[in-house]
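Ligands are counted one by one from 1 in listed order, and the atoms in each one are counted from 1 as well. Fair warning: this is a prediction, and the values are worked out from it, not measured in the lab. Atom set for the values below is all heavy atoms of this structure, side chains included, hydrogens, waters and symmetry mates excluded.
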Amino acid sequence: MKIGIVLYPTFGGSGVVGTELGKAFAAKGHQVHFITYSQPVRLGSFRENIFYHEVAISDYPLFEYQPYETELTSKMVDVVKYEGLDILHVHYAIPHASAAFMAKQILKSQGIHIPFITTLHGTDITLVGKDPSFEPVISFCINESDAVTAVSESLKSDTYKLFQTKRPIHVIPNFIAPNIEPSNGLGEVRRKYACDGEKILCHVSNFRKVKRVEDVLHIFSIVNKQVRSKLILAGDGPERHIIERLVRELDLGANVIFLGKIRDTAHVLEISDLFLLPSETESFGLAALEAMAVGVPVISSNTGGIPEVNIHGVTGFLSNVGDIEDMASNALNLLFNEEKLTTFKNNALARAHDFDLVKILPMYEKIYFELVGKSE
Ligand code: GMT
């Protein structure tokens, strides 16, 4: 099959999921064409069956805002037509689903049928999407997509609550890609960040308000008073300067390490004892699953789709959003008890296998085949 994948090529979860999915389909022998404005960060080096089509963004002086959606649409039309794609899979509703709808109509006028599948990832529905200025477009795109998937039951139910749609939404959870190469000399790497006997807590995000990175610091501040520990923060984003200031205010400078944006977080997670994810809302929490996949228990909020991934009292603990005292006490509960921590680490690893790519890939593939087999 020839598959076109449209995504945000950045560090965000939707881009990671779209890219890993494309890589997996290419490995299975499908031809995969990524269509986006820059090379997806997780794409890696040259691979068989993978093609990348860059959407060039013009800077015509008349436009105060460049019409990305229009340029994306034109590129989609071009790639479908000249590469002979069978299906388009767009990750994130805005503006990818509306561009796909438009591309589909243009191609239809030229006698070409192209089905498109839209995967809803979270903020396109729960934050950006519920903004009244986007609502009519998103409702329309959900209704016009040939198939719609959501990454959790929670996101599916939010979509029905927030949008005018009754159409079936398939829940296909996010997954773990099997390309994490175990690193050598973990102990040595660990010693670069923490002294012997110190614990390492970790948080990875895009430092947006919704991630509540301030809570991460407050939790760590409580933990650090009772357990010798370090906090590693990976990622970057609009809240980072606030967080840096808070680190100074809380006098945590010696114990908090900012790594900034890194491509491969697995190696940072591997040296961590606990992962903190106190988000305001989270449709799935891919970062938590990635932590669990290398055996790191998760201390998180109980919002959105997180409880579908992190099991309270088994793979970590869940608390109400903003309840930093409870999250800190849950972290200490594990850090004080080495045996319990080891059990939770093993549980986290085992739970992550429920989300192995081999289990998830056929769910998408089934939809692709159904749509491609069906002509309008
Ligand atoms: O978390 C973000 O802000 C990025 C966003 C994205 O679209 O890249 O993540 C969303 O999609 C991820 C992949 O499906 C999910 O794991 C995240 O939970 C979801 N983020 C939110 O719902 C806030």
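- Ring geometry for F25 versus H30: interplanar angle over 60°, hence perpendicular rather than tilted (30 to 60°).
- A heavy-atom separation below 4.0 Å is not found between H91 and ligand 1.
- Look at R190 and D273 and you find a salt bridge, because one of the NZ, NE, NH1 or NH2 atoms lies within 4.0 Å of a carboxylate O, short of that distance.
- Looking at ligand 1, you won't find any N or O of G122 less than 3.5 Å from one of its N or O atoms.
- Among G13, G15, G285, the residue whose heavy atom lies closest to atom 12 (C) of ligand 1 is G13.
- With 3.5 Å as the limit, one finds no donor-acceptor pair spanning the side chains of H96 and H91.
- When non-hydrogen atoms are compared, ligand 1 lies under 4.0 Å from the side chain of Y92 (C-beta onward) but not from its backbone.
- Of all atoms in ligand 1, listed by their number and element, those nearer than 4.0 Å to a heavy atom of L286 are 16 (O).
- Side-chain contact annotation: H241 with E244, donor-acceptor N/O pair under 3.5 Å absent.
- Here T10 has no heavy atoms under 4.0 Å from ligand 1, in either its backbone or its side chain.
- Among S14, P173, S279, the residue whose heavy atom sits closest to atom 6 (C) of ligand 1 is S14.
- When atom types are taken as modelled, the side chain of T118 and the backbone of V90 share no donor-acceptor pair closer than 3.5 angstrom.
- V298 is not listed as a side-chain neighbour of L289, based on a closest heavy-atom distance of 4.5 Å or more.
- For atom 2 (C) of ligand 1, the nearest non-hydrogen atom from the set T281, T123, V16, N206 comes from N206.
- Listed by atom number, the atoms of ligand 1 under 4.0 Å from N174 heavy atoms are 13 (C), 14 (O), 16 (O).
- Note on ligand 1: E282 sits in its first shell, one or more heavy atoms being nearer than 4.0 Å.
- The aromatic rings of H312 and F317 sit perpendicular, their planes meeting at an angle over 60°, well past the 30° parallel limit.
- Residue S283 approaches ligand 1 through these ligand atoms, each under 4.0 Å from one of its heavy atoms: 15 (C), 17 (C), 18 (O), 19 (C), 21 (C), 22 (O).
- The ligand atoms of ligand 1 that sit less than 4.0 angstrom from a heavy atom of V151 are 14 (O).
- There is no side-chain donor-acceptor pair under 3.5 Å between T315 and N347.
- Salt-bridge annotation for E54 and K75: absent, with no side-chain N of the basic residue lying under 4.0 Å from a carboxylate O of the acidic one.
- With a 4.0 Å cut-off on non-hydrogen atoms, K211 touches ligand 1 through its side chain and not its backbone.
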